[in-house]
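Beneath this line is the structure, given in structure tokens, with notes to follow.
Labels below follow one simple rule: chain letters A, B, ... track the order of the sequence lines, proteins then strands, and each chain is numbered from 1.
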Amino acid sequence: MVTEVEAYGGVDDPASHASRGPTNRNQAMYLGPGHLYVYRIHQVVCANLVVGPEGHPAAVLIRGGVPVEGDRTMARRRGRADHLADGPGKLCQALGITIDDDGLRLDEVSGVWLEPGEPPDAIESTPRIGISRATERPWRFTFQP
DNA sequence: GGATCGATCATC
DNA sequence: ATGATCGATCCA
């Protein structure tokens with residue numbers, strides 16, 4: 001269950017990897033809705049679901065979640081029994097998402113899919129984590145499961 | 001070709 | 001609060 005996400009835009013969002021136009025790294029952000037933008041940071045990968053139309057970069061960074069099922073698989077991939085998906089890098093490791101999944105459509109990534117769930121009672125909105133520009137925009141969204 | 005800087009994590 | 005540690009990016 002995804003509990004924490006952040007929104008990133010294009011040239012209009014100074015904190016976005018697409019703020020300075022297309023590069024080799026961020027090309028997946030331009031592929032259109034349903035694609036995965038996976039990038040490497042500090043020996044770890046983070047996954048975004050692209051939501052903007054083709055040619056117009058906008059994506060949702062999946063920052064965290066709690067296991068609903070498959071705890072055992074996640075624990076094996078993580079190499080520990082706790083902190084399975086409480087961070088963007090940990091979530092990718094737990095779900096088996098790698099840099100090779102960058103640019104794929106979500107339905108092309110084996111073992112990973114999206115399902116609708118019950119809308120949470122209250123969603124909190126705060127500034128995004130780990131960025132140095134546009135820090136005032138409250139584009140991080142979380143809820144308590 | 002070299003310097004800089006992270007959309008992080010784990011542990012102190 | 002801090003260090004690990006290496007790509008992508010940027011500027012010569």
Exercise. If we call it a pair only when both distances are under 3.5 Å in a Watson-Crick or G-U wobble match, what pairs with B:dA7?
Worked result: none

Exercise. Over how many whole Å does the gap from A:Arg25 atom CZ to B:dG6 atom C1' extend?
Worked result: 8 Å

Exercise. Going by atom types alone, do A:Tyr37 and A:His17 pair a side-chain donor with an acceptor below 3.5 Å?
Worked result: yes

Problem set entry | Integer-rounded Å distance: B:dA7 P and A:Asp13 CG | 11 Å

Problem set entry | Rounded interatomic separation in angstrom, taking CG from A:Asp86 and C1' from B:dA10 | 11 Å

Exercise. Given side chains that start at C-beta, do those of A:Asn48 and A:Ile62 come closer than 4.5 Å, heavy atoms only?
Worked result: no

Exercise. Donor-acceptor pair, A:Ser19 side chain versus A:Ser16 backbone, under 3.5 Å?
Worked result: yes

For this session: Ignoring backbone atoms, test whether A:Thr23 places a side-chain nitrogen or oxygen under 4.0 Å from the OP1 or OP2 oxygen of C:dT9.
Result: yes

Exercise. Would you call A:Asp71 and A:Arg76 a salt bridge, using N to O less than 4.0 angstrom?
Worked result: no

For this session: Measure from CE on A:Met29 to P on B:dA7 and round the result to the nearest Å.
Result: 12 Å

Problem set entry | Validation row: A:Leu36, A:Arg105 side chains within 4.5 angstrom (heavy atoms) | no

Exercise. Given that A:Arg133 and A:Val44 both sit by DNA chain B, which one's nearest nucleotide is further toward the 5' end?
Worked result: A:Arg133

For this session: Find out whether the Lys NZ or Arg CZ of A:Arg128 is both under 6.0 angstrom from the six-membered ring centre of A:Tyr8 and within 45° of the ring's axis.
Result: yes

Exercise. Hey, is the side chain of A:Ser132 poking within less than 4.0 Å of OP1 or OP2 on B:dG6, counting only N and O atoms?
Worked result: yes

For this session: Would you tell me if any nitrogen or oxygen in the side chain of A:Arg78 comes within less than 4.0 Å of OP1 or OP2 on B:dA10?
Result: yes

Exercise. Of the nucleotides B:dT8, B:dA10, C:dC6, which one has an atom closest to the side chain of A:Lys90?
Worked result: B:dA10

Problem set entry | Rounded distance in Å - NE2 (A:His42) to C1' (B:dA7) | 11 Å

Exercise. Does the side chain of A:Arg63 get closer than 4.0 angstrom to OP1 or OP2 of B:dT8 through an N or O atom?
Worked result: yes

For this session: May I have the distance from A:Glu4 (atom CD) to B:dA7 (atom C1'), rounded to whole angstrom?
Result: 11 Å

Exercise. Could one point to a donor on the side chain of A:Tyr39 or the base of B:dA7 with an acceptor on the other under 3.5 Å away?
Worked result: yes

Exercise. In whole angstroms, how far is the P atom of C:dA4 from the CD1 atom of A:Ile41?
Worked result: 17 Å

Exercise. When all nucleic acid strands are considered with a 4.0 Å heavy-atom cut-off, which category describes A:His83: base, sugar-phosphate, or nothing?
Worked result: nothing

For this session: Under 4.0 Å between any heavy atoms, over every strand shown, what does A:Glu6 touch: base, sugar-phosphate, or nothing? Just pick one.
Result: nothing

For this session: Let me know the distance between NE2 of A:His17 and C1' of B:dT8, rounded to the nearest Å.
Result: 11 Å

Seminar exercise, completed: Checking C:dC10, B:dT8, B:dA7 against the side chain of A:Ser16 (C-beta onward), the nearest is B:dA7

Exercise. Base, sugar-phosphate, or nothing: which does A:Ile131 touch, judged by heavy atoms less than 4.0 Å apart?
Worked result: sugar-phosphate

For this session: When you get a sec, tell me which of B:dA7, C:dT9, B:dC9 is the closest nucleotide to the side chain of A:Asn24?
Result: C:dT9

For this session: Between B:dT11, B:dT8, C:dT5, spot the one nearest the side chain of A:Arg80, thanks.
Result: B:dT11

